[in-house]
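One structure is given here, and the rest of the page talks about it.
On a predicted model such as this, the values are computed, not experimentally measured, just so you know. Atoms within each ligand, like the ligands themselves, are counted from 1 in listed order.
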Amino acid sequence: MKYISTRDTSISFTGAEAMKQGLSKEGGLFVPESIVPFEKGELFALAGKPYREAAYAVMKKYLTDFTKEELFDCIDSAYSEKRWEEKEITPLVGLSDSAYILELFHGPTCAFKDVALQILPKFLTYSIKKTGEDKTVVILVATSGDTGKAALEGFADVEGTRIAVFYPDDGVSDMQKLQMVTQSGGNVNVGAVIGNFDDAQNGVKKIFTDKAFAERIAERGFMLSSANSINWGRLLPQIVYYVYAYARLISMGRIKEGEGINICVPTGNFGNILAAYYAMKMGVPVKRLICASNENNVLTDFINTGIYDKNRTFHTTISPSMDILISSNLERLLFDISGGDEKLISSYMKALSESGRYEVTDGMKKKISEIFCAGFTDDAGTKATINRVFSEKGYLCDTHTGVAVTVYEEYVKKTGDTTPAVIASTASPYKFAKSVLEALKVDISGKNDFELLDELSKKSGVRVPDALGLLKTKPVRFTAKIKKEDMESFVDGYLK
Ligand SMILES: *Cc1c(COP(=O)(O)O)cnc(C)c1O
């Protein structure tokens, strides 16, 4: 399997090389040259099998430059019972007769990004060896909150790597911030960017495309790579849980082989829902992919109109990991939908960076609307859903999942479509305890973050995850506040 760039299909690399580079040098994203379908019966055979089997079935199709032993080594160390609170890794919980919550947050940082970021460092360690690289790989991450911590946790003290994480100073929750600034490990660094997520992401992209900078640090024995969801090694592990969820629904007797499902995903950078799209293209019978957004509803408008326009007010919401106006992974969808038209994709991305806007062709618009549906809700709608779902069903969801449940329920109301649905739950409610407690109308005045965790535990009867509860015992290690134009010199200083 080779990987080509969405902006230049003559660029072609192995999986190891594509993961090591992260982003293609002309700015495009690596995509597999084809989406490999499951063989007949292969999907059905996964019913009742453990997560690792689903992981191997998916990954072996795309990382053909890895041996079976290497892949299982990666899979088994990433998804060991030591690192995950649930044996199933991503359990499926029934919310109603037709809706199932796919809980993706039982990893070491309580958010779905662990699924990919626990395994990416293993992939990279092998990739470095396979490509004969002798430089230290420096992972740069811009985070809207959850990626940063999950990446730090995945890469801490991984040999041959360093990691620097940038988060927007006022764009993440206190708990998210605390998770990052207390990170242990001798190869990690964290900085707060004065600005929003897009400032942080643009800053990182700029560093990546600065050739002079790359040469300067190469002389010191470093090369840059990315753990953002633009890295193929992030996306691939996310395909697995949709395949696994489908196999689970079969083994639960909820659906028959070949029966369609809907999938609803709370979306920001478009990585998670893109993984669902790839799962569909591999043969998971999906009728509808429902893209759920918060007030930063640029994707809702795009899916409904074919016009992507980021020129709009940026909202800071209670679902901060979705506060994004440039959804980077959409580029991969557009590439696929356009039949791999690199020139067209390059022109859209150029327009996006120059004017913040592009409009896809009518043909693409039509194809997108045949598969995707989209909706959004505001903070009040999200809180109302969290409250209602808890009081009616005794199920507590976080704010991001609250967005997805709201949009899913509105979809059902509007269409009457009660096809069995999988709703991706992307974070533990404890990670956003303050907003969740507000949604439950609990008085939280005067309470600190850790008292909020206890309060939520009292209310829900669920134990506080150690990953959050034990943070109070950890010292703060990182206090740097950085102007967006100073991000490069921050990295430069770190690599001295
Ligand atoms: C990152 C994140 C999202 C958005 O996922 P994308 O892949 O960027 O669309 C949603 N919810 C949570 C909790 C996240 O951390």
* Structure fact -> Of all heavy-atom pairs linking K393 and S96, the shortest is NZ-CB, 4.3 Å
* Can you list the ligand 1 atoms lying under 4.0 Å from a non-hydrogen atom of A427? -> 13 (C)
* **Any side-chain donor near an acceptor of the partner, S460 and Y430, under 3.5 Å** => yes
* To do: Could you verify whether a donor N or O on one side chain and an acceptor N or O on the other, from R312 and N297, lie under 3.5 Å apart?
  => yes
* **Short side-chain to backbone donor-acceptor contact, S327 and G268, under 3.5 Å** => yes
* **Residue G271 vicinity, atoms of ligand 1 by number, heavy atom under 4.0 Å** => 6 (P), 7 (O), 9 (O)
* Asked: N/O of N269 under 3.5 Å from N/O of ligand 1, yes or no?
  -> yes
* Structure fact -> Honestly, for M322 the part within reach of ligand 1 (heavy atoms, under 4.0 Å) is side chain
* Just by modelled atom types, is the T109 backbone N or O under 3.5 Å from a matching donor or acceptor in the D114 side chain? -> yes
* Of the protein's non-hydrogen atoms, which lies at the shortest distance from atom 9 (O) of ligand 1, and what is that distance? -> G268 N, 2.8 Å
* Structure fact -> So the atoms of ligand 1 within less than 4.0 Å of a heavy atom of T267 turn out to be 9 (O)
* List the atom of G171, the atom of P320, and the distance in Å for their closest heavy-atom pair. => O-CB, 3.4 Å
* Quick one: does ligand 1 sit under 4.0 Å from the side chain of F270, the backbone, both or neither, non-hydrogen atoms only? -> backbone
* Asked: At what distance is the nearest protein heavy atom to atom 12 (C) of ligand 1, and which residue and atom is it?
  -> T426 OG1, 3.3 Å
* Could you find the nearest protein heavy atom to atom 2 (C) of ligand 1 and give me its residue, atom name and distance? => K113 NZ, 2.4 Å
* Quick one: look up the protein heavy atom nearest atom 7 (O) of ligand 1 and list residue, atom name and how far away it is. => N272 N, 2.8 Å
* To do: Pull out every atom of ligand 1 sitting under 4.0 Å from any heavy atom of P266, numbered as shown with elements.
  => 4 (C), 10 (C)
* Structure fact -> Between I230 and L23, the two heavy atoms sitting closest are CD1-CD1, 3.7 Å
* Numbering the atoms of ligand 1 from 1, which are under 4.0 Å from a heavy atom of D146? -> 12 (C), 13 (C), 14 (C), 15 (O)
* Asked: Purely on distance, is any nitrogen or oxygen of F432 under 3.5 Å from one on ligand 1?
  -> no
* Asked: In this structure, which one of Q176, H400, Q179 forms a side chain to side chain donor-acceptor pair (under 3.5 Å) with K431?
  -> Q179
* Can D379 and T382 be counted as having a side-chain donor-acceptor contact under 3.5 angstrom? -> no
